[in-house]
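Treat the numbers as computed from the prediction; the structure is a model and nothing was measured.
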Number of protein chains: 2
Amino acid sequence: MSCEEVFVKQLRDRGLRYTPQREMVLQAVHEVKGQPTAEEIYERVRQLSTCVDISTVYRTLDLLQEFNLVAVIDLGDGQRRYEHLGAHGPRYHLLCRSCGQLFPLPEEEISHFRSALAASHGFAVDLDGVVLPGLCQACLAAREDEAENTRSRGAEE
Amino acid sequence: MSCEEVFVKQLRDRGLRYTPQREMVLQAVHEVKGQPTAEEIYERVRQLSTCVDISTVYRTLDLLQEFNLVAVIDLGDGQRRYEHLGAHGPRYHLLCRSCGQLFPLPEEEISHFRSALAASHGFAVDLDGVVLPGLCQACLAAREDEAENTRSRGAEE
DNA sequence: ATTTATGCAAAGGTTTTGCAGAATA
DNA sequence: TATTCTGCAAAACCTTTGCATAAAT
């Protein structure tokens, strides 16, 4: 079942309606790369039709989230971001604090952590859409180089 | 070295000043339980002195964060929260999506996850102040009971 | 015909900023 | 005395809401 079909079905099941605006927001969610903000999705929608309001975009994104068609992502910059959830299901992310790049984190990495936590605390972690900050390989290496340089410079002086 | 001493030293190192307002904000951070918002810290400060402005509180909290004396916590309710970082160092949290309770997550649980990730992706996760959502033991049990009841009721009818 | 959805505009809440006067080193 | 800091007020920011009109079933 395609995303659109899922959306229509879920709407119908609740007595809600499939409108052109809702269709356009879903399309924009597919088309905009990365993890767009509501504003960015709104801009894409505006390319399709000029008189759609951003409040409609927000309202539609709320629905898509409820239906598990998008995940909400927080990169800690005070703006909500949205990510399309296709057949692949939930995604987990690593955010490099230094370069700002977002890296996907495969499910396998999460599952060990999840079961360890379930065993020790009885807590069922649910990391859908969670963004884990840190330093990526490249930035970590750069930082180590810098520390090395500082040390050797210190020794010379 | 006490928090206050660290704060004063860090300020001096940057040519910044130790003012009564900054002292009171640090004190409030120690005294308010849990993970207070800027507003809550502000209220505590106001008990000490009536004419301190909330913008000063925000500005001081920014400094304390830079100096690693507080961690910033996001419980996903659109309000930044602050947590005092004492000698114990960074804290990790589990947030129950159902009852809203916050549970501490000991360092040991994190470290396996961190080394696994470092080995597989070369990414150094840094979960200081990160809040991992999920379901706590009690809410998980309650949910399972409910599912059980629904099933047996369904069978009766 | 009935109910839901939309656009508009305005409000909402938290956090930030500009600036003149006060305080610190 | 030279900067930094503060309080005040206003702005900025993202998101939500109320309401009359329009659209969908």
Side-chain angles (χ1 to χ4, degrees), chain A residues 4 7-29 35-43 45-46 48-67 70 72-82 129, chain B residues 4 7-29 32 35-67 70-82 129:
Chain A
E4 194 172 349
F7 193 23
V8 174
K9 184 180 184 315
Q10 295 263 31
L11 287 169
R12 292 271 148 77
D13 286 357
R14 304 202 191 185
L16 304 178
R17 293 164 189 180
Y18 192 54
T19 64
Q21 288 90 338
R22 289 179 176 167
E23 186 180 358
M24 286 187 284
V25 172
L26 181 60
Q27 194 184 328
V29 163
Q35 295 70 32
T37 62
E39 188 70 36
E40 287 163 345
I41 293 164
Y42 172 59
E43 278 164 25
V45 170
R46 294 280 294 219
L48 306 170
S49 168
T50 25
C51 70
V52 173
D53 195 72
I54 195 163
S55 63
T56 300
V57 172
Y58 274 109
R59 289 188 272 231
T60 305
L61 287 169
D62 284 349
L63 287 172
L64 291 173
Q65 189 192 350
E66 258 184 78
F67 300 162
V70 303
V72 174
I73 307 282
D74 179 9
L75 300 187
D77 62 350
Q79 258 176 296
R80 213 173 285 167
R81 286 160 195 283
Y82 299 87
Chain B
E4 194 172 347
F7 192 24
V8 173
K9 184 181 184 315
Q10 296 263 30
L11 286 169
R12 292 272 150 77
D13 285 357
R14 304 201 190 187
L16 304 179
R17 292 162 188 182
Y18 191 53
T19 64
Q21 289 90 338
R22 288 180 176 167
E23 186 179 359
M24 286 187 283
V25 172
L26 180 60
Q27 195 183 329
V29 163
V32 181
Q35 295 71 32
T37 62
E39 187 68 39
E40 287 163 347
I41 293 165
Y42 172 59
E43 278 163 24
R44 180 76 192 102
V45 170
R46 293 281 294 219
Q47 291 173 0
L48 306 170
S49 169
T50 25
C51 70
V52 173
D53 194 72
I54 196 163
S55 63
T56 299
V57 172
Y58 275 108
R59 288 187 272 230
T60 305
L61 287 170
D62 285 350
L63 287 172
L64 291 173
Q65 188 193 349
E66 256 185 79
F67 299 161
V70 302
V72 174
I73 307 282
D74 179 10
L75 300 188
D77 62 349
Q79 257 176 297
R80 214 173 286 167
R81 286 160 195 284
Y82 299 87

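The residue B:R80 sits close only to the backbone: its heavy atoms come under 4.0 Å of sugar-phosphate atoms, none of a base. B:L16 comes within contact range of the sugar-phosphate backbone alone, with a heavy-atom separation under 4.0 Å but no base atom that close. Among the atoms of the strands shown, only primed sugar atoms or phosphate atoms (P, OP1, OP2) are found under 4.0 Å from some heavy atom of A:R12. Residue-level contact check: B:T37 touches neither bases nor backbone, having no heavy atom under 4.0 Å from any strand.
The base of C:dT16 has none of its N or O atoms less than 3.5 Å from a complementary donor or acceptor on the side chain of B:R59.
As a whole-Å value, the separation of A:D53 CG from D:dT16 C1' is 12 Å. D:dC5 atom P lies 13 Å from atom CG of B:D62, rounded to whole Å. Regarding A:R46, its CZ atom lies at a distance of 10 Å from the P atom of C:dG7, rounded to whole Å. For the pair B:Y58 OH and C:dT14 P, the computed distance is 7 Å after rounding to whole Å. Rounded to a whole Å, the CD1 atom of A:I54 is 15 Å from the P atom of D:dT17. In this structure, A:E39 places its CD atom 14 Å from P of D:dT16, rounding to the nearest Å. Nucleotide C:dT24 holds its P atom 13 Å from the OH atom of B:Y18, rounded to whole Å. Rounded to a whole Å, the CE atom of B:M24 is 11 Å from the C1' atom of D:dT6.
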* To do: Output, in order, the C-alpha distance, side-chain angles, deciding distance and verdict of side chain to side chain contact (heavy atoms under 4.5 Å, CB included) for B:L16 and B:R22.
  => CA-CA 11 Å; B:L16 304 179; B:R22 288 180 176 167; 4.1 Å; yes
* To do: Mind running side chain to side chain donor-acceptor pair (under 3.5 Å) on A:E4 and A:Y18 for me, showing each step along the way?
  => CA-CA 10 Å; A:E4 194 172 349; A:Y18 192 54; 2.9 Å; yes
* Asked: Going through the distances and angles, do B:R12 and B:V8 end up as a side chain to side chain contact (heavy atoms under 4.5 Å, CB included)?
  -> CA-CA 6 Å; B:R12 292 272 150 77; B:V8 173; 3.4 Å; yes
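A close approach under 4.0 Å does not occur between any side-chain nitrogen or oxygen of A:Q21 and OP1 or OP2 of D:dA23. For A:T56 and C:dA5, the shortest distance from a side-chain N or O to OP1 or OP2 is not below 4.0 Å. Put simply, A:R14 has no side-chain N or O that comes within less than 4.0 Å of OP1 or OP2 on C:dT4. At the phosphate of D:dT6, OP1 or OP2 sits under 4.0 Å from a side-chain N or O atom of B:T19.
Atom CD in B:Q21 sits 13.5 Å away from atom CG in B:L26 (nearest 0.5 Å). In this structure, the separation between CG on A:D74 and CG on B:D74 is 5.0 Å, given to the nearest 0.5 Å.
When each of A:Y82 and B:L63 is assigned the nucleotide of DNA chain D bearing its nearest heavy atom, the one mapping closer to the 5' terminus is B:L63.
In this structure, the nucleotide among C:dT16, D:dA24, D:dT15 sitting nearest to the side chain of A:R17 is D:dA24. The listed nucleotides are C:dA9, C:dT14, D:dA9; the one nearest the side chain of A:S55 is C:dA9.
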